**Q** 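Here it is: the structure, laid out below.
The structure presented is a predicted model; accordingly, all values stated were derived computationally and were not measured. We name chains A, B, ... by the order of the sequence lines, and we start the count at 1 in each one.
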Amino acid sequence: MLQKKELPKLSEGFFRIMFCQSESDVQAAINTYSVLGPLDTLPNGSFGQRKPDTKVQLGIMKFLKKVDVPPNAGSTSGSVQDSAFPQVSKERDTSCKGPDNLSSLSTTAYKGVKESEDLPKHSIGPDVSPDSIPTLAFPSISTADFQFNIEKASDVIVEKVEEYVKKVGNARLVLVDLSHGSKILSLVRAKAAQRNIDNKKFFTFVGDITRLYSQGGLRCNVIANAANWRLKPGGGGVNAAIFSAAGPALEVATKEQAASLLPGHAVVVPLPSNSPLYNREGVSHIIHVLGPNMNPQRSNCLKDDYVKGCKVLRDAYTSLFDGFLSVLRNQANVTSKNLVSEKSMKDTSCGDLKNHLENGDQKTKRDGDSVSERSKKSKGSHDDNSKIDGSTSKSWTTWAQALYHIAMHPEKHKNVLLEVSDDVAVLNDLYPKAKKHLLILARYGGLDRLADVQQEHLHLLTTMHSVGLRWAEKFLQEDSSMIFRLGYHSVPSMRQLHLHVISQDFNSNHLKNKKHWNSFNTAFFRDSVDVIEEIRNHGKATLKDESYLSMELRCHRCRSAHPNIPRLKSHISNCQSPFPPSLLENGRLVPRQDENLSNS
DNA sequence: GTTCTAGAAC
DNA sequence: GTTCTAGAAC
């Protein structure tokens with residue numbers, strides 16, 4: 001999958017290579033240390049953070065009083081060919097209007113609509129009303145802060161809309177923009193008209209997407225959000241407005257579904273009934289969408305690559321509309337409202353990045369694929385990851401593949417990465433078992449674990465070790481009392497070969513059980529220096545089985561046994577004994593350079 | 001990998 | 001009674 005590339009030869013790299021037996025080894029290790037730069041580019045994980053957007057949607061800043069409207073979300077009775085919703089995008093004042101102005105706003109917004117002061121509430125027939133037609137309101141994706149070319153974006157929108165108006169039955173798609181002078185709306189309108197897209201099923205609308213009903217009289221049971229990858233509130237524009245209008249309930253509900261989003265993907269979030277958007281606007285679902293970023297000021301910028309940009313934008317709209325379809329299906333198929341919400345929770349659960357990777361709420365542990373991914377693949381929580389060469393075959397659950405995804409697509413995970421090169425990616429362990437605990441990921445495809453490593457990977461192993469050492473050195477400059485150990489788990493829990501760089505204090509609240517301890521303090525933990533020697537000499541590494549994980553708890557320094565984890569932790573916090581001789585040999589432990597561990 | 005929790009251990 | 005483990009669920 002990922003081919004190893006020619007490595008740049010860098011001259012910097014003043015680190016110890018304690019395992020190296022010869023000068024050529026040292027040189028090889030130095031040469032393979034192809035990194036972004038020396039330590040100064042390093043580690044706080046701050047690069048790649050998305051800066052707050054500056055554009056602020058005016059609508060949310062205004063002081064409209066609450067308009068209480070009974071929720072009508074999830075209605076499925078809509079089957080009318082409604083002439084009451086033509087293409088609407090005439091000038092309209094979107095600035096502050098009180099409820100007194102509501103009716104005039106509605107009629108202003110709907111030129112050509114049957115003059116109806118209370119259009120939002122009143123039925124136009126015995127069983128159907130404009131309210132009951134399932135409608136997706138969506139902003140133009142990526143054309144604001146992400147600076148996607150408007151001309152190209154309008155082509156993509158019209159192309160995708162044309163495709164999906166055929167699939168949505170009687171439901172409607174509405175492109176919304178806050179500004180009445182919106183260029184994207186006029187472009188899309190013109191192109192949609194050219195293509196004879198049914199203007200009852202698709203039209204544009206000028207207004208605040210968070211107040212389509214209360215201000216504009218347009219009932220939309222689903223609205224799309226131009227989200228950020230973190231699926232967090234804030235920033236600016238539509239994202240800030242929607243999170244603000246929906247209240248904290250949306251944040252909670254979003255976390256239930258996914259922790260983050262990749263460009264080109266969408267996630268459907270059922271809106272809790274305590275959200276103002278549900279109560280006031282009748283919105284039952286929010287679909288977060290992440291489009292391509294062409295803005296060089298933002299991370300993950302595609303710059304001028306519109307081939308990729310257009311593809312990602314198409315994917316984004318595909319995911320969005322597929323998400324809308326899934327909402328329609330759920331609402332049409334199930335009569336019990338409870339069942340609807342339960343099913344939609346399951347069917348729409350999404351998330352490209354495993355929640356596991358997020359620094360946020362650790363209680364969100366829902367697995368799943370994004371809508372678009374899921375529509376292409378068979379269902380299930382296991383990716384197809386059986387090995388072709390047959391050396392090992394194991395099905396990795398979704399959570400266990402987080403590192404693999406990072407290694408294969410580090411550009412999508414800049415937020416968690418400390419360093420990337422062609423060979424490795426470096427990140428903090430999300431659940432560090434000591435004060436310092438890094439993972440050095442191999443970036444080669446097909447290297448799931450130590451058992452997959454062969455002689456041909458020797459060079460990679462030395463690179464991983466060198467990078468790990470360099471990080472240890474850096475930490476030692478900050479705190480010279482630390483001691484590091486570098487090694488691999490014989491049987492890892494997570495896919496993709498990764499080297500642990502872990503300080504020997506084991507002072508961490510994440511170290512909670514016997515398995516945690518023994519995975520780092522029995523022969524189950526394979527020192528990097530030993531692995532390299534074994535691969536060099538025998539072509540394979542010695543592996544220990546998982547029985548080591550249930551062994552008695554022993555102090556890694558004085559080897560005393562302890563009955564349980566709390567007692568062990570209490571002991572190791574004070575134990576000053578020298579490390580056992582086996583650990584003192586061959587550079588298995590990495591103290592500060594002038595430290596003599598045997599005497600400590 | 002983590003979280004949750006029943007029941008074992010103390 | 002509380003602490004802690006370990007297995008199931010995710």
**Q** Can you name the side chain to side chain contact (heavy atoms under 4.5 Å, CB included) partners of A:Glu251, sequence neighbours left out?
**A**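 A:Glu251: side chain to side chain contact (heavy atoms under 4.5 Å, CB included) contacts with A:Pro233, A:Phe243.
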**Q** With A:Lys514, which residues qualify under side chain to side chain contact (heavy atoms under 4.5 Å, CB included), at least two apart?
**A**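 By the side chain to side chain contact (heavy atoms under 4.5 Å, CB included) rule, A:Lys514 matches A:Asn518, A:Leu553.
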**Q** Side-chain donor-acceptor contacts of residues 269-276 of chain A below 3.5 Å, not counting sequence neighbours, with atom names and distances?
**A**
unit_1, atom_1, unit_2, atom_2, d
A:Ser275, OG, A:Ala246, O, 2.8
A:Ser275, OG, A:Leu277, N, 3.2

**Q** Could you list the residues that satisfy salt bridge (Lys or Arg N to Asp or Glu O under 4.0 Å) with A:Glu546, not counting sequence neighbours?
**A**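 With sequence neighbours excluded, A:Glu546 shows a salt bridge (Lys or Arg N to Asp or Glu O under 4.0 Å) to no residue whatsoever.
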**Q** Write down the protein N/O and nucleotide N/O pairs, taken from nucleotides 1-8 of chain C, whose separation is under 3.5 Å; answer none if there are no such pairs.
**A**
unit_1, atom_1, unit_2, atom_2, d
C:dT5, OP1, A:Ile565, N, 2.8

**Q** Tell me what A:His498 touches on the nucleic acid: a base, only sugar-phosphate, or nothing, going by heavy atoms under 4.0 Å.
**A**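 Nothing: the residue A:His498, judged by heavy atoms under 4.0 Å, touches no strand.
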**Q** For A:Pro563, enumerate each residue passing the side chain to side chain contact (heavy atoms under 4.5 Å, CB included) test, keeping only those at least two apart in sequence or located in another chain.
**A**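 Expected list: A:Arg567.
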